[in-house]
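I have a structure here, written as structure tokens, and I will follow up with some questions on it.
Letters A, B, ... are given to chains in the order of the sequence lines, protein chains preceding strands, and every chain is numbered from 1. Source: prediction; values computed, not measured. Just the heavy atoms: all of them, side chains too, but no hydrogens, waters or symmetry mates, feed the values below.
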Number of protein chains: 2
Amino acid sequence: MDKATTSNIDTISRTCIAVRLRLLNRVVTNLYDDALRPLGLKVSQLNILVVTARLGLARPAQVCEILQLDVSTLSRNVKPLQAHGWLEVVPDEDARAQPFRLTAQGERLIEKAIPAWEEAQRQATELLGNEGVALLDQAAKKLRQTRPEA
Amino acid sequence: MDKATTSNIDTISRTCIAVRLRLLNRVVTNLYDDALRPLGLKVSQLNILVVTARLGLARPAQVCEILQLDVSTLSRNVKPLQAHGWLEVVPDEDARAQPFRLTAQGERLIEKAIPAWEEAQRQATELLGNEGVALLDQAAKKLRQTRPEA
DNA sequence: TCACGATTATTGTATATGCAACTATCGGCT
DNA sequence: AGCCGATAGTTGCATATACAATAATCGTGA
């Protein structure tokens, strides 16, 4: 392997933001998933339930805007949540729409998940440090600014 | 929904580290994937190729340690890379092992990917800011300390 | 009214991710 | 030699993720 190539590989290896962010994401996601496992819940699912709870009646496109998720992804992710009885699809005047809302069961699940979430949150905070958490807030805020809901 | 529940949902919504980190991860991953798309390459794949390049001869467990990836995940992720001819599995004395290495073609691919990577890296840096990048470095370093290769 | 572009969501396809269970092999100890 | 715990990867299963293409519906302008 020639020197230039080695140098490029070295640069990516040492500096690539995506590599580190993705690694951190895996580790942190596992912290939460481990804590939530006894409830049969994953943090990705808790995300969606919480957003839905806040919206009351949630339209897919709206949830995707908030979570920066592809609509096709949400479309599939909702199915297990619905199957578990945590969400229910609500009929709408506009026949294209598939708005959904949290069920009472889903609400109870969130309540039950709080202690596990708190423990994972504690571990994640320890990992990132207060500065890290603050930075994450900033970045998330910037993303919201970048994509204003018209 | 009673007040306590609303309050809990609010807390998660406003403070959950996993929610934000996962969101950021999606956005940033998409930056790199968009830039790399013309090459038929995803940043997750570039990760693996680069680690492999650095290792020379890469053992799966070793790559997983570095990337904090489940071995079963890597086992599957390697297959498309192999199919594209970017990696090749190398026979080993230990019949359990499945070490692999970068092919010449894989090396050329990395070279071709550099400009796209640089552009995505620029965008990601802009998004996170220099502090954000520094924090990410710190967190990644901490993860390496947490799991020393004994 | 009805034709057509815009909107909303789903489906086909491919990859990423991890847990649990399994297979194959290795190495040491008897 | 032969058993047995340890090690290295793979496979079954479920979920997450996104792009491209499609389906269904809506609303508007002719």
Is there a donor on the side chain of R76(A) or the base of dG12(C) sitting less than 3.5 Å from an acceptor on the other?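 Donor-acceptor pair under 3.5 Å: yes.
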So what does S44(B) touch, heavy atoms closer than 4.0 Å: a base, only the sugar-phosphate, or nothing?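 Result for S44(B) = sugar-phosphate.
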In whole angstrom, give the distance that lies between atom OH of Y32(B) and atom C1' of dA16(C).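 One finds 18 Å between C1' of dA16(C) and OH of Y32(B), rounded.
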Are any of the side-chain nitrogens in R108(B) or E111(B) under 4.0 Å away from the carboxylate oxygens of its partner?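 So R108(B) does not pair with E111(B) through a salt bridge.
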Take atom CD in E88(A); do more than 12 heavy atoms of anything else shown fall under 6.0 Å from it?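 Check passes, neighbour count above 12.
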Given 3.5 Å as the limit, does a donor-acceptor pair link the side chain of D92(B) with the main chain of Q98(B), or not?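 A pair under 3.5 Å: no.
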Nearest to the R59(B) side chain among dT8(C), dA16(D), dA8(D), which nucleotide is it?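 Among the listed nucleotides, the one closest to the side chain of R59(B) is dA8(D).
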To the nearest Å, how far apart are N47(B) CG and dT15(C) P?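 In whole Å, dT15(C) P and N47(B) CG are 16 Å from each other.
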Would you mind reading off the distance between L23(B) atom CG and dA16(D) atom C1', rounded to a whole angstrom?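 The answer, rounded to whole Å, is 14 Å.
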Does R96(A) get its side chain close enough to the base of dT8(C), under 3.5 Å, for a donor-acceptor pair?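 Answer no: no donor N or O sits under 3.5 Å from an acceptor.
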With a 4.0 Å limit, can you tell me whether T73(B) has a side-chain N or O closer than that to the phosphate oxygens OP1/OP2 of dT17(C)?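 Indeed not, no polar side-chain atom of T73(B) lies that close.
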So, is Q62(B) near the phosphate of dA8(D), with a side-chain N or O under 4.0 Å from OP1 or OP2?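 So the side-chain polar atoms of Q62(B) never come under 4.0 Å of the phosphate oxygens OP1 or OP2 of dA8(D).
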Starting from C1' on dA16(D), measure out to NZ on K79(A) and report it in whole angstrom.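 Spelled out: NZ on K79(A) to C1' on dA16(D) is 14 Å.
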Would you mind reading off the distance between Q68(A) atom CD and dA18(D) atom C1', rounded to a whole angstrom?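 Distance, rounded to whole Å: 13 Å.
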Expressed as a whole number of angstroms, how long is the span from D33(A):CG to dC19(C):C1'?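 Distance check: D33(A) CG to dC19(C) C1' gives 11 Å.
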With sugar-phosphate meaning primed atoms plus P, OP1 and OP2, does R26(A) contact a base, only sugar-phosphate, or nothing at under 4.0 Å between heavy atoms?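 Contact class for R26(A): sugar-phosphate only.
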Please compare L74(B) and D70(A) by the position of their nearest nucleotide in DNA chain D and report the one closer to 5'.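 Checking each residue's closest nucleotide, the 5'-ward one belongs to L74(B).
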Would you tell me whether Y32(A) and Q121(A) have side-chain atoms, one donor and one acceptor, within less than 3.5 Å of each other?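 The criterion, which ignores hydrogens and geometry beyond distance, is satisfied for Q121(A) and Y32(A).
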So what does N30(B) hit on the nucleic acid, given a heavy-atom distance under 4.0 Å: a base, only sugar-phosphate, or nothing?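 Touches sugar-phosphate only.
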Rounded interatomic separation in angstrom, taking CG from L69(B) and C1' from dT10(D):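 In whole Å, dT10(D) C1' and L69(B) CG are 16 Å from each other.
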Mind checking D34(A) for me? I need base, sugar-phosphate or nothing, with any heavy atom below 4.0 Å counting as a touch.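 The residue D34(A) makes sugar-phosphate contact but no base contact.
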Base, sugar-phosphate alone, or nothing: which one does E93(A) contact when heavy atoms must sit under 4.0 Å apart?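 Sugar-phosphate, no base atom in range.
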Assuming nearest nucleotide by heavy-atom distance, tell me which of K42(B) and A95(A) is located more 5' along DNA chain D.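 Result: K42(B).
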Are any of the side-chain nitrogens in E118(A) or R122(A) under 4.0 Å away from the carboxylate oxygens of its partner?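 No.
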Can a side chain N or O of N77(A) be found less than 4.0 Å away from OP1 or OP2 on dT17(D)?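 Yes, such a contact exists.
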Above 12 or not: heavy atoms from other molecules or residues under 6.0 Å from CG of D2(A)?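 It does: D2(A) CG has more than 12 such atoms within range.
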Do the side-chain N or O atoms of R22(A) get closer than 4.0 angstrom to the phosphate oxygens (OP1, OP2) of dT17(C)?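 Answer is yes, contact under 4.0 Å.
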It should be established whether Q98(A) places a side-chain nitrogen or oxygen under 4.0 Å from OP1 or OP2 of nucleotide dA24(D).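 For dA24(D), OP1/OP2 do not have a side-chain N/O of Q98(A) under 4.0 Å.
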CZ of R37(B) versus C1' of dT17(D): gap in Å, rounded?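 Rounded to whole Å, this separation is 12 Å.
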What nucleic acid atoms does D94(A) come within less than 4.0 Å of, heavy atoms only: base, sugar-phosphate, or nothing?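 Result for D94(A) = sugar-phosphate.
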